[in-house]
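A quick write-up on the structure given underneath.
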Amino acid sequence: MSARQPLRIGILGSGKGSNCQSIIDAIAQKRLDAEIACVLSDVAEACILARARRHRIPAEFISGAPFKTKLDGEAEQAYIAALRRYGANAVALAGFMRIVKPGLLGAFPGRILNIHPALLPAFPGMESWKQALAYGVKVTGCTVHLVDAGTDTGPIVVQKAVPVLEDDTAETLHARIQVEEHKAYPEALQLLAEGRLAVAGRRVRVT
Ligand code: GAR
């Protein structure tokens, strides 16, 4: 018997929540041994909140104001308080469109993951599938990484490659990347649940 605490994930997202759905599905299908403690969003009308409520998962809008692109100050404290109140012991950023700062990082050290729609370190930042298409790469993909103080710079846990097709549009390419995201995120979270991520500097070894 392992004395390890069950993984209780707080999911933060700003948008449609398809990655949140993939985590919900993976838990239901027993591919991911975890519970979702809560879903928090900085966008009151975000679909991710409605999705969570449909599955009877606690879901809250918490404003990120006065900042637009980062989670800091009183807003950051409100997120930390909510995550603690719902008993989260890990955080999954799932389309959360804010940079997280040292306060949240320090509250969940080594236990915050992010999904990014490119093969990092290529194309960090926003709308990476558009960046990849414009650059003309033949292969892109998605990355699940541990979050550190940089933007999309943390140690890489799982990556999946996606070919860029000649007739791809931004929409078709993003849709194919998302198919892989929905496999990658539950896989990475399961490694965290099993306590199998050993981080040495930039490198993550699966034990
Ligand atoms: C996903 O493609 C995710 O990789 C991306 O936002 C989308 C959210 O989709 N995240 C970023 O670009 C973070 N920089 P979802 O709301 O359907 O999960």
Side-chain angles (χ1 to χ4, degrees), residues 9-27 32 34 36 38-55 57 59-62 64 67-72 79 90-101 104-105 112-135 137 139-164 168-189:
I9 308 164
I11 298 179
L12 273 52
S14 309
K16 70 180 195 281
S18 70
N19 278 289
C20 176
Q21 187 68 52
S22 78
I23 296 167
I24 294 170
D25 294 345
I27 292 171
L32 172 54
I36 300 177
C38 60
V39 172
L40 308 177
S41 180
D42 57 338
V43 178
E45 65 280 6
C47 291
I48 193 171
L49 291 175
R51 236 182 241 278
R53 290 180 185 127
R54 274 203 299 279
H55 290 273
I57 296 165
E60 275 190 34
F61 159 68
I62 303 179
F67 308 107
K68 287 209 176 340
T69 58
K70 65 177 179 177
L71 184 66
D72 211 348
Y79 273 79
V91 177
L93 306 180
F96 189 60
M97 295 304 166
R98 286 173 187 271
I99 307 294
V100 298
K101 305 298 281 182
L104 183 66
L105 295 173
I112 306 181
L113 290 173
N114 180 44
I115 181 110
H116 184 78
L119 291 176
L120 290 170
F123 310 123
M126 301 295 282
E127 300 193 315
S128 306
W129 60 94
K130 290 187 184 170
Q131 298 183 48
L133 201 57
Y135 196 93
V137 294
V139 178
T140 184
C142 64
T143 303
V144 181
H145 64 94
L146 287 158
V147 178
D148 66 10
T151 301
D152 302 324
T153 52
I156 290 169
V157 179
V158 172
Q159 290 189 304
K160 295 201 183 283
V162 174
V164 180
D168 259 332
T169 62
E171 291 70 31
T172 60
L173 180 56
H174 189 213
R176 283 206 322 290
I177 292 171
Q178 288 224 281
V179 171
E180 297 306 313
E181 289 185 340
H182 301 159
K183 299 174 196 162
Y185 221 167
E187 278 179 27
L189 286 163

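When a ligand or atom number is given, it counts from 1 through the structure's own listing order.
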Legend entry - Reference residue Ser18; test side chain to side chain donor-acceptor pair (under 3.5 Å); the match among Glu181, Gln178, Arg51: Gln178
Inset, instruction - Among Asp72, Asp42, Thr69, find the residue that satisfies the side chain to side chain donor-acceptor pair (under 3.5 Å) test when tested with Arg98. - result: Asp42
Legend entry - Under 3.5 Å: donor-acceptor pair, side chain of Thr143, backbone of Gln159: no
Legend entry - Set of residues that line ligand 1, where lining means a heavy atom lies under 4.0 Å from it: Gly15, Lys16, Gly17, Ser18, Asn19, Gly95, Met97, Ile115, His116, Pro117, Gly125, His174, Gln178, Glu181
Inset, instruction - Please state whether the rings of His116 and His145 are parallel, tilted or perpendicular, taking 30° and 60° as the class boundaries. - result: perpendicular
Inset, instruction - Return yes when atom OH of Tyr135 has more than 12 non-hydrogen atoms of other residues, nucleotides or ligands closer than 6.0 Å, and no otherwise. - result: no
Legend entry - Non-hydrogen side-chain atoms of Val137 and Phe123 separated by less than 4.5 Å: yes
